[in-house]
> 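Shown below is the structure under consideration.
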Amino acid sequence: MAKSRATSPTTVATVAGGETHQTADASTGVLTTNFGHPVSDNQNSLRAGGRGPTLLEDFVLREKIHHFDHERIPERIVHARGSGAHGVFELTKSLKKYTRAKILTEVGVKTETFVRFSTVAGGAGSIDTPRDVRGFAVKFYTKDGNWDLVGNNIPVFFIQDAIKFPDLVHAVKMEADRGYPQAASAHDTFWDFVSLMPESMHMIMWAMSDRAIPRALRFMEGFGVHAFRLLDENDTATFVKFHWRPRLGLQSTLWDEAVKIAGADPDFHRRDLFEAIAGGNFPEWDFGVQLVSDEDAAKLPFDILDPTKLIPEELVPVEIVGKLTLNRNPDNFFAETEQVAFLPSNLPPGIDVSEDPLLQGRLFSYLDTQLSRLGTPNWHQIPVNTARGCPMRNFQRDGQMQHSVFQGRANYEPNSLAENGESGGPRETPDGVRSRRQALVGATQRVRSPSFADHYSQARLFFRSQSKTEQNHIAAALVFELSKVAVTHVRARVLANLQNVDPSLARRVAEGLGQALPTASRPAAKVVDLPPSPALRLIGKYPATIEGRCVGILVSDGADDKVVAKVRSAAEDAGATVKIVTETIGGVVLKSGKALASDGELRGTPSFIFDAVALVLAPDAAKAFAANPSAVEWVATAFNHLKAIGIVEAAAPLLDKANVERDAWVVDIAAKPRDFVEKAASRQWSREKPPC
Ligand code: HDE
């Protein structure tokens, strides 16, 4: 692993130029002010008499409150709510033929990374489970400088040109006059905007699919979205799209679960990631590339520079070339997850941009935003942002919060101070960052290329490639979202656009809204039927597994120890974690007389935070639970959320009260613990009644 220069909070960190500075030391010892004065009393401010006013001269108090008053920095304008982790990237297959970037050519080398996942629309304190796109931003501390792959969990985007981004974000965020809704696209302004921007329809299909309500950050795919370029030794370019594939597979919540989890645990995703890493269950992703030559790109039935389009895997397969493992939680949320700053323009030699007009705008935006967020052009010196795999030397100097103490006189170049025996400073190298050699032609103009005009064919491709269940969910999501839209003509315009995506979908949504179906809007380009791409599905794309998931066991006093142990070991052997839920947090006494500790009390630990549940109950407890609304709801919700339910015979009164039909996903756990675990790896989709 590349050696870190900014290490533990108690060490001395080396910064640019080899100087050192002290990082915050939070270890034991005497409490001091920020300037090292020992503090004698951290409980009482300095007063004139025991009941008198506080004295202005109390510099200990004033320093403490002054610092506290300025603890917050502006939150990100988008992607404010995020969770981060450290990790390591290892290349498994060299791309030497296409690039000179060491991160993509040195097989087996481990490179440190920092990853930040995020929602887009909500503020920093908003919930983890809204319907939203998730950010998937990876910082690789490569030997050739930082590479930031700032992507999402959806491979396309709403708009084609950066100039529309502020409009999109204004439309989706809280409405300007009322300051709500927070973290929700289900409101007038968002749908008004997207209904007027048919280019957003492909992304809308993804955003209304279950991809936008992931079960955990660990179970998401990631995409670089734009076409980038790889440059070989001769600077010959190949287009590339980047992909992350979760080794634990893709999994989403149901909408009803997402809504309920928002209330039960607003930190559901953050907690899941933190606990998984703390428990040694390191999430892993395969890293893949789709490579396309200029000649092949020209033959694609869409423009590779258009970020509202994806390259179907059936057309260009995703080649797996590396692996990312998240193996360390941040020591300090603010210092790392909040202050990490990504730049799509952070590209090591051998990786280059494309002319995608959305990417081009991002190359400017991210650098700019860091100045208002982090307040200084020296934000690259914040440890989480500092290059680690290589030196950082140049003649940039001074600025607010300059941490480096540069030596010597050479703060300009060229200079000849070396001839005088002084340090002349660093020099450029031909091996550094180089751009593709590309002839740029065309008159200066503000136009949208005609090759970007087809807004519907891939939206249709996505919808028609989904399983029936996923199509049902998309229709239901559209009905839900549009039902929150008060302006009727906006709903009508969305329906008119949906007609071009799929008339049967448009009809279903219109019926769900109880609104007449308008005729289709006029597409700018002919909509074509593309061959379906099963790789776009969520359900069934990866093998079903319970690994990394969580099973909740509702246990009562007098429950059979052996059955509890059986379920636990079957689930744990398959890689799941187990949580014991009991009526009170005090736990239970099992049949053998042994005490069993509780991980959560029944009312505060609802079944919808689990992937599967089991009921290990004594007969009298099952009867008592049947008269307990919280217990009945616990079981009924698990059933309605299509989960596997492991049961013992004695649980019958509770199951009956909760209207649980004994289908194949309701399994006798005492007799068939393995069958339970197998069923727990997926949902019983046939239980679901299509909501519209
Ligand atoms: Fe961003 N985006 N974005 N974005 N974006 C930001 O940068 C922006 C876009 C994405 O965890 C901001 O440092 C513009 C696409 C992620 O810190 C800001 C445009 C994709 C993150 C910004 C886009 C993304 C951001 C806010 C259109 C997927 C969070 C704070 C041209 C490929 C990174 C910041 C983190 C954050 C601007 C479009 C992903 C304002 C102008 C497309 C994952 O600079």
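The model shown is predicted, which means the values in this text are computed figures rather than measured ones. One-based numbering, in listed order, for ligands and for the atoms of each.
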> Using distance alone, decide if ligand 1 has a nitrogen or oxygen within less than 3.5 Å of any nitrogen or oxygen in Gln370.
yes

> Heavy-atom distances under 4.0 Å are what count here, so tell me which part of Val78 touches ligand 1: side chain, backbone, both or neither.
both

> Can you spot which of Asn153, Ile154, Leu248 makes a side chain to side chain contact (heavy atoms under 4.5 Å, CB included) with Met220?
Asn153

> What residue and atom, counting heavy atoms only, is the protein's closest point to atom 39 (C) of ligand 1, and at what distance?
Arg362 NH2, 3.3 Å

> As a check for students: among Phe117, Phe242, Phe158, Tyr366, identify the option with a heavy atom nearest to atom 22 (C) of ligand 1.
Tyr366

> Considering only heavy atoms of Ala162, which atoms of ligand 1 have at least one such atom less than 4.0 Å away?
31 (C)

> Calculate, to the nearest 0.5 Å, the distance between atoms CD and OG belonging to Gln360 and Ser345 respectively.
11.0 Å

> Which distance, rounded to the nearest 0.5 Å, do you find between the CG of Leu482 and the CE of Met208?
8.0 Å

> If hydrogens are left out, which of Phe157, Phe114, Phe165 has an atom nearest to atom 23 (C) of ligand 1, that is, the closest non-hydrogen atom?
Phe165

> When you compare ligand 1 with Ser365, is there at least one nitrogen or oxygen pair between them that comes in under 3.5 angstrom?
yes

> Are any of the N or O atoms of Arg76 closer than 3.5 Å to those of ligand 1?
yes

> Under 4.0 Å from ligand 1, counting heavy atoms only, is it the side chain of Thr369, its backbone, both or neither?
side chain

> What is the nearest protein non-hydrogen atom to atom 31 (C) of ligand 1, stated with its residue, atom name and distance?
Leu358 O, 3.2 Å

> So which protein heavy atom does atom 28 (C) of ligand 1 come closest to, and at what separation?
Asn152 ND2, 3.2 Å

> Indicate, with yes or no, if the rings of Phe89 and Phe287 have centres closer together than 6.0 Å.
yes

> Out of the candidates Phe242, Trp147, Phe342, only one should pair with Phe140 under the ring pair (Phe, Tyr, Trp, His ring centres under 6.0 Å) rule; please name it.
Trp147

> Check this for me - ligand 1, Arg116, N or O atoms closer than 3.5 angstrom, yes or no?
yes

> Ring centroids only, cut at 6.0 angstrom: are Trp255 and Phe480 within range, meaning strictly under it?
yes

> Would you check whether Gly151 reaches within less than 4.0 Å of ligand 1, judged by its heavy atoms?
yes

> Is Val225 touching ligand 1 with its side chain, its backbone, both, or neither, if touching means heavy atoms under 4.0 Å apart?
side chain

